[in-house]
Amino acid sequence: MQTDAPTTFRHPQAPPAEAWRDPLALLLASTGEGIYGVDLDGGCVFINPAGARLIGYEPEELIGLNMHDLTHHSRPDGSAYPEAECPIFNAFRQGLPCRIDSEVFWRRDGTAFPVEYSSHPIVEDGQVRGAVITFVDITERRRAADALQRAKDQLEERVGERTLALETALKQVRELAAWSESVREDERTRIAREVHDELGSLLVALKMDVNWMDKRLAEQAQRSADAAEDMRTRMRCKCQNMSRLIENAVDNVGRIITDLRPSILDHQGLWAALEWQAQEFVQSAELALNWCMDVDDAPDPPEPLAMAVFRIFQEMLSNVGRHARAQHLRVAIQVTGGELSLLVQDDGVGAPALAFEAADAYGVMGMRERARHFGGRIDIASAPGEGTRMCLTIALPRGAT
């Protein structure tokens, strides 16, 4: 039986064996890092194309040249870099490897680039013969690191600003809470004083009159007809006086209740309450009022929002009364597109804008907190000698428009 001789299979695209005869040269040519070798005098023994290209030369131009004098002669700031201090040379002279990423190499055109390099000594027969140096351009890495550091610094700065803002806001909230409690306590004290001084004195007077009448009635049977008639006349006068005292007591109770919560707000709604409050204020402050209200027959907002708007309006008027020294007051109230705008403007002395942003401007702070709670805002414009303009803008619930 005839058999064929064995054949050797060769892939049609396999490279010829000659292409693999110098694997070291292939390795040097294919890598993207710069690689060169130096002897003990620093002269270039070999350099791969990538390394020569990074410093602006052709490989054959560098053979025999001192690589330190050529590409490592100066520090990043441009000052001279003595060869005796060069880590590359010291590494192989001492027989120890090194790795550096804080220096620069210099190109043929005199420009520098940040570099990361390592130097490894070449030992033959126990003696150091030179070194192999690998290096890579880290410009992009350094740029990315710088950008990352800048981003980190900016983030830390923003965090610091936010932290300071939060601390300031927390301090203001605490101060506002303390001020609110102080205002409530002052209001309680005022109401207690009014109840004691006015209602208390009226009730004492009524009690004395009642006791007087009780005593006179008990004596009435012992009097003659003329004396009894005279006493009845005196008792009618006493009753009339007691009636006046009761009316005063009722008025005082109504006033105190109105201070606590105006009944007009419950009975006639927000729009009527705002107009009533404005009229009451200008009468007591003796100001001329320019009143304008255009609410397009909009129904009243829900009770919590209506109360907040009313209290903000009261505080706006209170600021005018305490600080403005004005002659005229303009109030404009408008509902447009589901948004309420309430403007209070005076022609008083005004104040610098920063005065309304001060840490102790608790009245303004309280108004803004009330408005912010319902998604609204308060804009204030003022300047010395030009009066003050305060405007509340707040969206009304859909069911209220």
Side-chain angles (χ1 to χ4, degrees), residues 22-161:
D22 193 353
L24 180 59
L26 286 173
L27 179 63
L28 291 176
S30 63
T31 182
E33 295 184 352
I35 303 176
Y36 67 88
V38 294
D39 57 23
L40 292 178
D41 294 325
C44 180
V45 177
F46 69 88
I47 187 169
N48 69 337
R53 185 169 56 253
L54 285 171
I55 58 177
Y57 291 88
E58 295 297 328
E60 57 272 12
E61 295 182 88
L62 298 172
I63 304 303
L65 298 181
N66 186 291
M67 294 299 290
H68 180 83
D69 294 341
L70 195 69
T71 190
H72 202 211
H73 49 77
S74 301
R75 301 182 188 275
D77 60 1
S79 60
Y81 202 157
E83 182 178 307
E85 300 176 8
C86 175
I88 296 175
F89 284 17
N90 287 337
F92 68 78
R93 286 169 181 167
Q94 298 171 5
L96 298 174
C98 72
R99 186 180 187 86
I100 306 293
D101 63 358
S102 59
E103 298 182 354
V104 299
F105 277 5
W106 295 83
R107 300 186 183 92
R108 186 175 195 165
D109 61 4
T111 60
F113 61 94
V115 66
E116 179 183 351
Y117 66 82
S118 58
S119 176
H120 294 271
I122 302 299
V123 180
E124 183 180 4
D125 297 332
Q127 293 186 345
V128 178
R129 301 297 184 181
V132 173
I133 296 89
T134 62
F135 66 97
V136 61
D137 184 349
I138 59 171
T139 299
E140 292 301 323
R141 187 198 308 175
R142 187 69 57 78
R143 185 178 293 117
D146 291 343
L148 181 61
Q149 184 62 44
R150 286 194 300 272
K152 180 182 177 183
D153 293 341
Q154 292 174 356
L155 180 60
E156 290 179 351
E157 182 179 357
R158 290 177 182 175
V159 169
E161 292 173 352

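As a basis for the values below, the full set of heavy atoms in this structure was taken, side chains included, without hydrogen atoms, waters or symmetry mates.
The residues Glu116 and Arg141 are annotated as salt-bridged, a charged nitrogen and a carboxylate oxygen being separated by less than 4.0 angstrom. A salt bridge does not link Arg158 to Glu161: none of the charged side-chain nitrogens sits closer than 4.0 Å to a carboxylate oxygen.
Remark: Glu61 engages Arg108 in a salt bridge (charged side-chain N to carboxylate O under 4.0 Å, His left out) (not counting sequence neighbours).
The minimum heavy-atom distance between Ile100 and Pro87, with the atom names listed, is CG1-CB, 4.1 Å. Smallest separation of non-hydrogen atoms from Leu54 and Gly34: CD1-N, 4.1 Å. When all heavy atoms of Ala50 and Glu33 are compared, the pair lying nearest together is CB-O, 3.7 Å. Minimum heavy-atom separation, Leu62 to Cys44: O-CB, 3.1 Å. Closest approach of Ala52 and Pro59 over heavy atoms only: CB-N, 3.7 Å.
Interatomic distance, CG of Asp153 versus CG of Asp146, reported as 10.5 Å (0.5 Å rounding). Here the straight-line distance linking atom CZ of Phe135 with atom CD1 of Ile55 works out to 5.5 Å at 0.5 Å rounding. We find the OG-OH distance between Ser102 and Tyr117 to be 7.0 Å, quoted to the nearest 0.5 Å. Note that the CZ atom of Arg99 and the OG1 atom of Thr134 stand 7.0 Å from one another [nearest 0.5 Å]. Here OG of Ser118 is found 9.0 Å from CD1 of Ile35. Values are rounded to the nearest 0.5 Å. Taking CZ of Arg107 as the reference point, atom OH of Tyr57 lies at 12.0 Å (rounded to 0.5 Å).
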Task: Worked verdict on Val136 versus Val115 for side chain to side chain contact (heavy atoms under 4.5 Å, CB included) - done: CA-CA 6 Å; Val136 61; Val115 66; 5.8 Å; no
Task: Stepwise side chain to side chain contact (heavy atoms under 4.5 Å, CB included) test for Leu40 and Val128 - done: CA-CA 8 Å; Leu40 292 178; Val128 178; 4.2 Å; yes
Task: Residues Glu83, Phe89; criterion side chain to side chain contact (heavy atoms under 4.5 Å, CB included); working and verdict - done: CA-CA 7 Å; Glu83 182 178 307; Phe89 284 17; 3.2 Å; yes
Open item on the list: Trp106 vs Thr111, test: side chain to side chain contact (heavy atoms under 4.5 Å, CB included). Steps then yes/no.
Closed with: CA-CA 6 Å; Trp106 295 83; Thr111 60; over 6 Å; no
Open item on the list: Using side-chain hydrogen bond (donor to acceptor under 3.5 Å, both in side chains), reason through His72 and Glu103 one step at a time and then give a plain yes or no.
Closed with: CA-CA 9 Å; His72 202 211; Glu103 298 182 354; 2.7 Å; yes
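Between Tyr81 and His73 there is no side-chain heavy-atom pair separated by less than 4.5 Å. Counting heavy atoms from C-beta outward, Val45 and Val38 have side chains that stay 4.5 Å or more apart. Using a 4.5 Å heavy-atom cutoff, the side chains of Met67 and Ile47 are in contact.
With hydrogens and angles ignored, the 3.5 Å screen pairs a side-chain donor or acceptor of Ser119 with a backbone N or O of Ile88. A donor-acceptor pair is defined here as one N or O able to donate and one able to accept, closer than 3.5 Å; no such pair exists between the side chain of His68 and the backbone of Ala84. Listed for the Asn90 side chain is no donor-acceptor partner under 3.5 Å among the backbone atoms of Leu96. Checked by atom type and distance alone, the side chain of Asn66 pairs as donor or acceptor with a backbone atom of Asp41 at under 3.5 Å.
Ring centroids of Tyr36 and Phe46 are separated by 6.0 Å or more, keeping the two rings apart.
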